[in-house]
Protein chains: 2
Amino acid sequence: MSKGSTVKSKVGRPRSAGATGSGDPRHDVLAAAGKLFFTKGVAATSMAEIAAAAGLQPPSLYYWFRNKTAILGALVAEANRVPLGMVADVNQAGGPAGARLWTIICLDVVALSALPFDINEVHRMVDDGSPEAATYWAERQQLIREVEAIVAEGVTSGEFRPVDPRLTALSVLASDEGSQNWHRPAGGAGAAPGDDGAAAYTPHQIGEHLADLTLRGLLTRPSGLDSIRARAQRSDLLQQIAVTETQSAVVSTDIR
Amino acid sequence: MSKGSTVKSKVGRPRSAGATGSGDPRHDVLAAAGKLFFTKGVAATSMAEIAAAAGLQPPSLYYWFRNKTAILGALVAEANRVPLGMVADVNQAGGPAGARLWTIICLDVVALSALPFDINEVHRMVDDGSPEAATYWAERQQLIREVEAIVAEGVTSGEFRPVDPRLTALSVLASDEGSQNWHRPAGGAGAAPGDDGAAAYTPHQIGEHLADLTLRGLLTRPSGLDSIRARAQRSDLLQQIAVTETQSAVVSTDIR
DNA sequence: CCGGAGTTTCGAAGCGGCGTCGAAAGGCTT
DNA sequence: AAGCCTTTCGACGCCGCTTCGAAACTCCGG
């Protein structure tokens, strides 16, 4: 076994079509799959299409990935890890729970929107017993717990109303995940067929709106929202939004 | 053509298995499909399984429904119509925009939770050009517009902060649709595999929590939330929740 | 009682998607 | 030159949705 990725190797049977791509077939497959998942949706994308886009015949995909779910799994790995890392950064930066939560909501919306697929579609495809499914769900549970902890902290400090932290954390993530597909080409729930939809809004706008709405709903002293926004904007964490936005959609960074 | 539904007719070729069910095959198919969609999810349910549960062979399904999407479409018809009728009722009952919106959010969560399938799964399956898809999306657009109108009304009256009505309406519906699957048996995003999940909460609890959070985020005078809750609880509209909850899941009322 | 029309069901088969198997076609090492 | 390893592919099986045409029965008119 080897699968010498990131190395442009000349070993192995040559392709029927001339060699195309970067020299790292695994990366090419993920890039092709991400692009197709983005434009057509996951279920509507066939292995044959992915193979063709990657310059391979369909069976060759199974040398690099166990099955279609594994391809999705490799792309999905980002889906929780990016927000999780973000939460860690925000927590390390410190500050009141309100400011941290505001930043997290805003960044989470942008991060989810930047994914090459609708995260809701993933929740249905990855419900088998595969290993990547297990890690995905475990990481997602951790993300919920992290948000829950921040909410709980805000409640005990008196910064937030006495809400149920777990329920609130779930609500926050549900909003984020529900809004991330408004601007997708393939039948988004907001940008429905035959309608202008919500494509007019940028992920950044949506994130700020959602963060405002949620925080104002939580704060004991709603007038504190302005200072929270100010503090969050000052933090350089929001600068990363620009980065995340540009690298969007098409899996430019290599998946690992 | 006839398809004499609701009539227990003795015409037609007899079934290989003895005649089972209510005498209305169309209804039997929908009931069987609803039950299976609920327990296994839509994608994981095969036509053969639906046929078996309805006491038919697979091809016979296509006498009553054009295809699998049509079965889903018949079940989905409720998904928008119930909330739409509810919004009409609430608007007719009158009162300030805040109280109406609170009731709508709460009822919408309960109504969506009572559906025999995950509405998010529908958003992906019904993106073809079929007629029931068109009506579904049209009705959904109308639901968005109704909520948007209430928000706009609250904003102009000064009851709500000056938010973007459309963005807010989309956020509200996104939350509702994101939370409706926390208590489903088949891989809900909240009640994830290998975790206690959010199954502990009833749809009613979730709805009230979401309504509180959203309304408090919108109200110019957050302290008004208490009176809104009181007013909403007084309205007999909430009594319908009990009804909706009992008739849940399994498509007891005949679909038309 | 007979024959045709209408209704409902089914068996056989097509098609397209995912995934497997074993072999083929190269380079690399000895 | 002879293996060995890596990568790719062709042929194939299986399962899902769906179509087609015929079968099986009732009903009704004569």
Side-chain angles (χ1 to χ4, degrees), chain A residues 1-29 32-33 36-37 40-73 125-126 128 130, chain B residues 1-29 33 36-37 40-52 54-73 125-126 128 130:
Chain A
M1 75 274 327
S2 53
K3 300 181 170 61
S5 76
T6 65
V7 198
K8 80 162 62 176
S9 50
K10 271 297 183 187
V11 303
R13 171 173 171 174
R15 300 183 178 177
S16 48
T20 56
S22 65
D24 181 1
R26 189 181 168 85
H27 179 273
D28 293 342
V29 169
L36 287 165
F37 288 170
K40 309 186 45 176
V42 177
T45 300
S46 71
M47 294 296 271
E49 288 171 316
I50 298 175
L56 291 169
Q57 297 300 318
S60 301
L61 295 180
Y62 295 84
Y63 178 77
W64 300 100
F65 298 93
R66 200 171 348 101
N67 50 29
K68 189 177 181 180
T69 308
I71 297 180
L72 185 59
M125 281 212 67
V126 192
D128 55 356
S130 67
Chain B
M1 76 258 356
S2 54
K3 299 181 171 59
S5 76
T6 66
V7 198
K8 78 162 63 175
S9 49
K10 272 295 184 187
V11 303
R13 171 174 171 174
R15 300 183 178 177
S16 47
T20 58
S22 65
D24 182 0
R26 189 183 167 86
H27 178 272
D28 293 343
V29 169
L36 287 166
F37 288 172
K40 311 184 43 173
V42 176
T45 300
S46 71
M47 294 296 272
E49 288 171 316
I50 298 174
L56 291 168
Q57 297 300 318
S60 301
L61 296 178
Y62 294 84
Y63 178 75
W64 300 100
F65 298 93
R66 204 173 343 102
N67 50 31
K68 189 177 181 180
T69 307
I71 297 180
L72 185 61
M125 281 212 67
V126 192
D128 55 355
S130 67

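First the proteins, then the strands, lettered A, B, ... as listed; each starts at 1.
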* **Residue whose closest nucleotide on DNA chain D lies nearer the 5' end, G12(B) versus A43(B)** => A43(B)
* Atom CH2 of W64(A) and atom C1' of dC18(C): how far apart are they, to the nearest Å? -> 20 Å
* Checking only heavy atoms, does the side chain of R13(B) share a donor-acceptor pair with the base of dT9(C) at less than 3.5 Å? -> yes
* To do: When you get a sec, tell me which of dT8(C), dT18(D), dG17(C) is the closest nucleotide to the side chain of Y62(B)?
  => dT18(D)
* To do: Would you check if I71(B) and W64(B) make a side-chain contact, meaning some heavy-atom pair closer than 4.5 Å?
  => no
* To do: Report the distance from atom CZ of R15(A) to atom P of dA24(C), rounded to the nearest whole Å.
  => 21 Å
* To do: Check every atom of dC9(D), dC10(C), dT19(D) against the side chain of P59(A) and return the nucleotide holding the closest atom.
  => dC9(D)
* To do: Please examine the side chains of E49(B) and P58(B), heavy atoms only from C-beta on, and report whether any two atoms are closer than 4.5 Å.
  => no
* Side-chain contact test, heavy atoms from C-beta onward, threshold under 4.5 Å: evaluate it for F37(B) versus I50(B) and give yes or no. => yes
* Can you find a pair of side-chain heavy atoms, one from N67(B) and one from M47(B), that are under 4.5 Å apart? -> no
* To the nearest Å, give me how far apart CG (L61(A)) and P (dG19(C)) are. => 10 Å
* Could you check how far NZ of K10(A) sits from C1' of dT8(D), rounded to whole Å? => 13 Å
* To do: Round to a whole Å and report the spacing from OH of Y63(A) to C1' of dG10(D).
  => 18 Å
* To do: Select base, sugar-phosphate, or nothing to describe what L56(B) touches, counting heavy atoms under 4.0 Å on all strands.
  => sugar-phosphate
* Kindly point out which of dC27(D), dC25(D), dG11(C) is positioned nearest to the side chain of V11(B)? => dC27(D)
* Asked: Could you give the CD-to-C1' distance, from E49(A) to dC18(C), as a whole number of Å?
  -> 13 Å
* Structure fact -> Atom CG of D28(B) and atom P of dT8(C) are separated, to the nearest Å, by 13 Å
* Assign S60(B) to base, sugar-phosphate, or nothing according to its heavy-atom contacts below 4.0 angstrom with the strands shown. => base
* dC17(D) phosphate, OP1 or OP2, under 4.0 Å from K68(B) side-chain N/O -> yes
* Asked: dT8(C) P sits how many Å from F65(B) CZ, rounded?
  -> 13 Å
* Side chain of K40(B), backbone of S46(B): donor and acceptor closer than 3.5 Å? -> no
